[in-house]
Trainee: 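Structure provided below as structure tokens; questions to follow.
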Amino acid sequence: MVETRNNTDIDASYVKETLKELGADLCGIASMDRFDEAPKGFHPRDVLPSCESVIVFAKRFLSGTLACNTTIPYTIVRNVLSDRMDKMAVDFCTIMEEKGILAVPTGTNGPSEYDEVTGRHRNIVSGKHCAQAAGLGVIGRNTLLLTPEYGNMVWLSVILTEAKLEADPLCKEPICNDCNLCVEACPASALQSQEMNQMACWNYAFGSVGEGDWRIKCHTCRDICPFCLGTKNAQFRR
Ligand code: B12
Ligand code: SF4
Ligand code: SF4
């Protein structure tokens, strides 16, 4: 059992400043009451029983990848961000632990678990649900997190900690307008029901093209969204 102490120097602004220094574009904090509705097995305390706060940070995903006629640049950005954000999370948790407070990374993009009961793949906590609970944005009909700053073009990473931190307000902006464009445009018809058809998406959107290397092959549900790049920033284009 690791012994920790309640370090009063660690507050929400320290956490955000530290993650921004490490390279985060957005950072939010959720308190435990925001997970009262989480299904069994998806609660942060199912992972870290002593968890008191959930920290979510995001990096923006290069919008230029959507302007290309190939998904190779998109795949590079996806792989690099996943790797880099896992390193940022580990660095942050190390800083916290050196200050006497436990904090753990949960995996930016896995390793995922397979739930035998539902037959679905999942991270140990859902990045999108945690990000919504931390006030970073809202989950849209395409099941992706939409942020006011960067739309759905963000990559997410979640850290669980014993530190009791002030939670951010929930995002009240109704970013998704239920236009259904994402549902209609999905080439694998994976978004027809509220719980997406993971295997339909996986089989269509992930894999090699011909004899080429593994890549992401589809991101239509991201770029078709009118709020793909957010509601605030005009400087990014697609
Ligand atoms: C497994 C996975 C997939 C699977 C399944 C996706 C899915 N929708 O579940 C597949 C391979 C299909 C997939 C596809 C894609 N993915 Co993906 N994926 C993940 C991963 C690794 C885990 C997601 C997960 O745990 N799903 C399982 C849960 C959420 O789904 P579920 O079983 O249906 O859970 C239900 C209930 O349990 C409940 N629930 C669960 N937790 C909670 C908590 C609370 C409080 C409540 C109330 C309810 C609740 O709600 C769910 C719906 O009813 C995350 C990374 C991460 N760290 O989270 C990325 C992630 C979700 N993927 C992402 C992306 C971008 C994609 C793709 C666009 C791929 C691409 N081209 O890059 C597509 C988009 C498909 C789509 N429209 O969703 C991003 C999303 C970023 C964003 N802005 O939202 C993530 C967050 C990666 C990242 N680090 O940024 N992905
Ligand atoms: S990534 Fe492509 S296949 Fe998967 S849900 Fe989005 S549009 Fe459909
Ligand atoms: S395309 Fe329309 S329905 Fe889909 S997430 Fe965007 S605003 Fe919502």
Side-chain angles (χ1 to χ4, degrees), residues 26 30 32-44 46 54 56-61 65-66 71 74-75 77-79 81-86 89 105-115 117-134 136-147 150-159 174-207 215-231:
L26 300 174
M32 284 302 99
D33 55 301
R34 304 247 173 106
F35 295 91
D36 287 350
E37 307 295 317
K40 197 173 173 325
F42 282 88
H43 196 287
D46 292 328
V54 174
V56 186
F57 67 98
K59 278 197 73 64
R60 63 170 270 254
F61 201 101
T65 58
L66 305 184
T71 53
Y74 183 98
T75 306
V77 174
R78 179 246 193 209
N79 291 346
L81 285 186
S82 298
D83 190 37
R84 179 157 170 220
M85 290 172 76
D86 275 343
T106 62
T108 304
N109 211 20
S112 64
E113 289 191 319
Y114 180 72
D115 185 335
V117 180
T118 60
R120 293 165 76 86
H121 286 272
R122 50 160 297 196
N123 218 58
I124 51 175
V125 289
S126 165
K128 296 175 289 191
H129 289 85
C130 290
Q132 183 168 255
L136 289 191
V138 293
I139 297 176
R141 180 63 187 85
N142 56 8
T143 86
L144 299 174
L145 185 86
L146 295 167
T147 65
Y150 309 113
N152 68 51
M153 290 299 277
V154 284
W155 214 237
L156 305 168
S157 200
V158 178
I159 291 165
I175 312 175
C176 171
N177 66 7
D178 279 323
C179 67
N180 231 32
L181 282 172
C182 50
V183 178
E184 287 156 16
C186 171
S189 303
L191 297 171
Q192 299 293 337
S193 59
Q194 290 294 330
E195 289 215 343
M196 73 163 313
N197 183 338
Q198 289 191 353
M199 284 321 287
C201 173
W202 176 257
N203 289 335
Y204 185 88
F206 298 74
R215 67 168 83 171
I216 302 281
K217 295 191 288 188
C218 174
H219 43 65
T220 301
C221 55
R222 290 194 111 164
D223 31 316
I224 196 79
C225 178
F227 309 109
C228 170
L229 303 180
T231 53

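These figures come from a predicted structure and were not determined experimentally. Note that these values count all heavy atoms, side chains included, but never hydrogens, waters or copies made by symmetry. Atoms within each ligand, like the ligands themselves, are counted from 1 in listed order. Throughout, residue positions are numbered sequentially from 1 according to the sequence presented.
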Trainee: With heavy-atom distances below 4.0 Å as the criterion, list the atoms of ligand 1 near Leu191.
Mentor: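 Near Leu191, meaning under 4.0 Å from one of its heavy atoms, ligand 1 has 77 (N).
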Trainee: For atom 6 (Fe) of ligand 3, grab the closest protein heavy atom and report residue, atom and distance to one decimal in Å.
Mentor: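 Here the closest protein heavy atom is Cys225 SG, 2.4 Å.
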Trainee: Please identify which atoms of ligand 2 are closer than 4.0 Å to at least one heavy atom of Thr220.
Mentor: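 Near Thr220, the atoms of ligand 2 are 7 (S).
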Trainee: Is it the case that ligand 1 has an N or O less than 3.5 angstrom from some N or O of Gly127?
Mentor: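 N/O-N/O distance under 3.5 Å: yes.
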Trainee: Return the closest protein heavy atom for atom 51 (C) of ligand 1 as residue, atom name and distance.
Mentor: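 Going by distance alone, atom 51 (C) of ligand 1 is nearest to His129 CE1, 3.7 Å.
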Trainee: Run down the list Val183, Thr71, Asn123 and name the one with the heavy atom closest to atom 56 (C) of ligand 1.
Mentor: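 It is Asn123 whose heavy atom sits nearest to atom 56 (C) of ligand 1.
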Trainee: Which atoms from ligand 1 have a heavy atom of Ser126 less than 4.0 Å away?
Mentor: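 So the answer, numbered in order with elements, is 29 (C), 41 (N), 58 (O).
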Trainee: Could you work out, for atom 41 (N) of ligand 1, the closest of Phe42, Tyr74, Tyr150 by heavy-atom distance?
Mentor: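 The option holding the nearest heavy atom is Phe42.
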Trainee: Heavy atom under 4.0 Å from ligand 1: found in Glu195's side chain, backbone, both, or neither?
Mentor: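 Just the side chain.
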Trainee: Check for me whether Pro39 has a heavy atom closer than 4.0 Å to any atom of ligand 1.
Mentor: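 Contact check Pro39 vs ligand 1: positive.
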Trainee: I need the contact type for Ile175 against ligand 3. Using non-hydrogen atoms and a strict under-4.0 Å cut-off, is it side chain, backbone, both or neither?
Mentor: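 Neither; no heavy atom under 4.0 Å.
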Trainee: Would you find a donor on one side and an acceptor on the other, under 3.5 Å apart, between the side chain of Arg34 and the backbone of Ala133?
Mentor: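 Side chain of Arg34 to backbone of Ala133, a donor-acceptor pair under 3.5 Å: yes, one is there.
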Trainee: Roughly how far, to the nearest 0.5 Å, is CZ of Arg141 from CG of Leu146?
Mentor: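 One gets 12.5 Å once the value is rounded to the nearest 0.5 Å.
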Trainee: Do any N/O atoms on Ala38 end up under 3.5 angstrom from N/O atoms on ligand 1?
Mentor: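 No, no N or O pair falls under 3.5 Å.
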Trainee: May I ask you to check whether Leu145 has an N/O atom sitting below 3.5 Å from an N/O atom of ligand 1?
Mentor: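 Between Leu145 and ligand 1 (N or O atoms, distance only) the closest approach is under 3.5 Å.
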Trainee: Is there at least one protein heavy-atom neighbour under 4.0 Å from atom 39 (N) of ligand 1?
Mentor: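 Under the 4.0 Å cut-off, atom 39 (N) of ligand 1 does have protein heavy-atom neighbours.
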Trainee: For ligand 1, is there an atom lying under 4.0 Å from some heavy atom of Phe206?
Mentor: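 Yes; Phe206 lies near enough to ligand 1 that a heavy-atom distance drops under 4.0 Å.
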Trainee: Is it the case that ligand 1 has an N or O less than 3.5 angstrom from some N or O of Glu37?
Mentor: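 In fact, backbone or side chain, Glu37 has no N or O that close.
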Trainee: Which residue and non-hydrogen atom of the protein lie closest to atom 7 (S) of ligand 3, and at what distance in Å?
Mentor: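 For atom 7 (S) of ligand 3, the nearest protein heavy atom comes out as Asn177 OD1, 3.3 Å.
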Trainee: Can Asn152 be said to touch ligand 1, with heavy atoms closer than 4.0 Å?
Mentor: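 It does, in that a heavy atom of Asn152 comes within the 4.0 Å cut-off of ligand 1.
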Trainee: Please identify which atoms of ligand 1 are closer than 4.0 Å to at least one heavy atom of Ile216.
Mentor: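 Those qualifying, in numeric order: 70 (C), 71 (N).
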Trainee: Looking at Cys221, which atoms of ligand 1 are within less than 4.0 Å of one of its heavy atoms?
Mentor: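 Numbered from 1, ligand 1 contributes 74 (C), 77 (N).
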Trainee: Nearest protein heavy atom to atom 20 (C) of ligand 1, by residue and atom, and its distance?
Mentor: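 In this structure, atom 20 (C) of ligand 1 has Asn109 OD1, 4.3 Å as its nearest protein heavy atom.
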Trainee: Identify, for atom 80 (C) of ligand 1, the protein heavy atom at the shortest distance, and state residue, atom and that distance.
Mentor: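 Here the closest protein heavy atom is Leu144 CD2, 3.7 Å.
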Trainee: Relative to the heavy atoms of Gly107, which atoms of ligand 1 are at a distance of less than 4.0 Å?
Mentor: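 What qualifies from ligand 1 is 57 (N).
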Trainee: Heavy-atom distances under 4.0 Å are what count here, so tell me which part of Met196 touches ligand 1: side chain, backbone, both or neither.
Mentor: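 Side chain only; the backbone of Met196 stays clear of ligand 1.
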Trainee: Below 3.5 Å, N or O to N or O, backbone or side chain included: is there any such pair between Arg34 and ligand 1?
Mentor: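 No: no nitrogen or oxygen of Arg34 is under 3.5 Å from one in ligand 1.
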Trainee: I want to know if ligand 1 touches Thr108 in the polar sense, i.e. an N/O pair below 3.5 angstrom.
Mentor: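 N/O-N/O distance below 3.5 Å exists for this pair.
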Trainee: Establish whether atom 35 (C) of ligand 1 and some protein heavy atom are separated by less than 4.0 angstrom.
Mentor: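 For atom 35 (C) of ligand 1 the answer is yes, since some protein heavy atom falls inside 4.0 Å.
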Trainee: Please check whether Ser112 reaches ligand 1 - meaning an N/O of the residue sits under 3.5 Å from an N/O of the ligand, judged on distance alone.
Mentor: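 For ligand 1, there is no N or O atom that lies under 3.5 Å from one belonging to Ser112.
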Trainee: Does the protein put any heavy atom within less than 4.0 Å of atom 60 (C) of ligand 1?
Mentor: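 Under the 4.0 Å cut-off, atom 60 (C) of ligand 1 has no protein heavy-atom neighbours at all.
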Trainee: Does any N, O or S atom in Cys201 come within less than 2.8 Å of atom 4 (Fe) of ligand 2?
Mentor: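 Within the cut-off used here (under 2.8 Å), Cys201 does place an N, O or S atom near atom 4 (Fe) of ligand 2.
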Trainee: I need the nearest protein heavy-atom contact for atom 1 (S) of ligand 2: residue, atom name and distance, please.
Mentor: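 Here the closest protein heavy atom is Cys218 O, 3.5 Å.
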Trainee: State whether the side chain of Asn123 and the backbone N or O of Gly110 hold a donor-acceptor pair below 3.5 Å, judged by distance alone.
Mentor: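 Confirmed, Asn123 side chain pairs with Gly110 backbone.
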Trainee: I'd like to check which ligand 2 atoms, numbered from 1 as shown, lie under 4.0 Å from a non-hydrogen atom of Pro187.
Mentor: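 Listed by number with element, the hits are 7 (S).
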Trainee: Can Gly41 be said to touch ligand 1, with heavy atoms closer than 4.0 Å?
Mentor: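 Outside the 4.0 Å threshold, so no.
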Trainee: To the nearest 0.1 Å, how far is atom 90 (O) of ligand 1 from its closest protein heavy atom, and which atom is that?
Mentor: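 It is Leu156 N, 2.8 Å.
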Trainee: Have a look at ligand 1 and work out which part of Trp155, if any, has a heavy atom under 4.0 Å from it: side chain, backbone, both or neither.
Mentor: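 Both backbone and side chain.
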Trainee: So which heavy atom in the protein is nearest atom 76 (C) of ligand 1, and how far is it from that ligand atom?
Mentor: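 Its nearest protein heavy-atom neighbour is Thr143 OG1, 3.4 Å.
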Trainee: Take atom 17 (Co) of ligand 1 and look for protein heavy atoms under 4.0 Å from it; say yes if you find one, no if not.
Mentor: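 Given the 4.0 Å limit, the answer for atom 17 (Co) of ligand 1 is no, no protein heavy atom qualifies.
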Trainee: Heavy-atom contacts under 4.0 Å between Arg222 and ligand 1: side chain, backbone, both, or neither?
Mentor: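 Contact part for Arg222 vs ligand 1: side chain (C-beta onward).
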Trainee: Under 4.0 Å from a heavy atom of Cys176: which atoms of ligand 3 are those, numbered in the order shown and with their elements?
Mentor: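 The list of qualifying atoms is 3 (S), 5 (S), 7 (S), 8 (Fe).
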Trainee: Heavy atoms only: which of Lys59, Arg120, Glu113 is nearest to atom 31 (P) of ligand 1?
Mentor: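 Considering heavy atoms of Lys59, Arg120, Glu113, the nearest to atom 31 (P) of ligand 1 sits in Arg120.
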Trainee: Starting from atom 1 (C) of ligand 1, what is the nearest protein heavy atom, named by residue and atom, and what distance separates them?
Mentor: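 Heavy-atom neighbour on the protein nearest atom 1 (C) of ligand 1: His121 O, 4.0 Å.
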Trainee: Checking the side chain of Lys128 only, and the main-chain atoms of Ile139 only, is there a donor and an acceptor separated by less than 3.5 Å?
Mentor: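 The answer is no, because no donor-acceptor pair under 3.5 Å joins these two groups.
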Trainee: Which of the atoms in ligand 2, numbered in the order shown and given with their element, are less than 4.0 Å from a heavy-atom of Cys221?
Mentor: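 Near Cys221, the atoms of ligand 2 are 1 (S), 5 (S), 6 (Fe), 7 (S).
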Trainee: Which bit of Cys218 gets closer than 4.0 Å to ligand 1, counting heavy atoms only: side chain, backbone, both or neither?
Mentor: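 For Cys218, the contact with ligand 1 is made by the backbone alone.
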Trainee: Using a 4.0 Å heavy-atom threshold (strictly under), name the region of Ile224 that reaches ligand 3: side chain, backbone, both or neither.
Mentor: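 No part of Ile224 is near ligand 3 at this cut-off.
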Trainee: Only heavy atoms of Arg122, strictly under 4.0 Å: list the atoms of ligand 1 that pass.
Mentor: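 What qualifies from ligand 1 is 24 (C), 25 (O), 27 (C).
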Trainee: Please tell me if atom 24 (C) of ligand 1 is touched by the protein, where touching means a protein heavy-atom distance below 4.0 Å.
Mentor: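 Yes, there is one.
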Trainee: Give me the nearest non-hydrogen protein atom to atom 73 (C) of ligand 1 as residue plus atom name, then the distance to 0.1 Å.
Mentor: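 Answer for atom 73 (C) of ligand 1: Cys201 SG, 4.3 Å.
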Trainee: What do we get for Cys182 next to ligand 2 when only non-hydrogen atoms under 4.0 Å count, side chain, backbone, both or neither?
Mentor: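 For Cys182, no heavy atom sits under 4.0 Å from ligand 2.
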Trainee: Is there at least one pair of N or O atoms, one from Asn142 and one from ligand 1, spaced under 3.5 Å apart?
Mentor: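 N/O-N/O distance under 3.5 Å: yes.
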Trainee: Among all the protein's non-hydrogen atoms, which is closest to atom 2 (Fe) of ligand 3, and how far away is it?
Mentor: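 For atom 2 (Fe) of ligand 3, the nearest protein heavy atom is Cys179 SG, 2.3 Å.
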Trainee: By number and element, which atoms of ligand 1 are closer than 4.0 Å to a non-hydrogen atom of Trp202?
Mentor: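 Within the 4.0 Å cut-off of Trp202, ligand 1 contributes 11 (C).
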Trainee: My understanding is that only one of Phe206, Phe61, Trp155 makes a ring-ring contact (aromatic ring centres under 6.0 Å, His included) with Tyr74; could you say which?
Mentor: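 It is Phe61; the other options fail the test.
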Trainee: Give me the residue, atom name and distance of the protein heavy atom closest to atom 9 (O) of ligand 1.
Mentor: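 The answer is Gln198 NE2, 3.2 Å.
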Trainee: Between Val154 and ligand 1, which part of the residue brings a heavy atom under 4.0 Å of the ligand: side chain, backbone, both or neither?
Mentor: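 It is both backbone and side chain that touch ligand 1.
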Trainee: For ligand 1, which part of Leu146 has a heavy atom less than 4.0 Å away: the side chain, the backbone, both, or neither?
Mentor: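 Within the 4.0 Å criterion, Leu146 makes no contact with ligand 1.
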Trainee: What atoms in ligand 3 come closer than 4.0 Å to a heavy atom of Asn142?
Mentor: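 Every atom of ligand 3 under 4.0 Å from some heavy atom of Asn142: 5 (S).
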Trainee: As a test of the contact definition, would atom 84 (O) of ligand 1 count as having a protein heavy-atom neighbour under 4.0 Å?
Mentor: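 Flag for atom 84 (O) of ligand 1 set to true, protein heavy atom closer than 4.0 Å.
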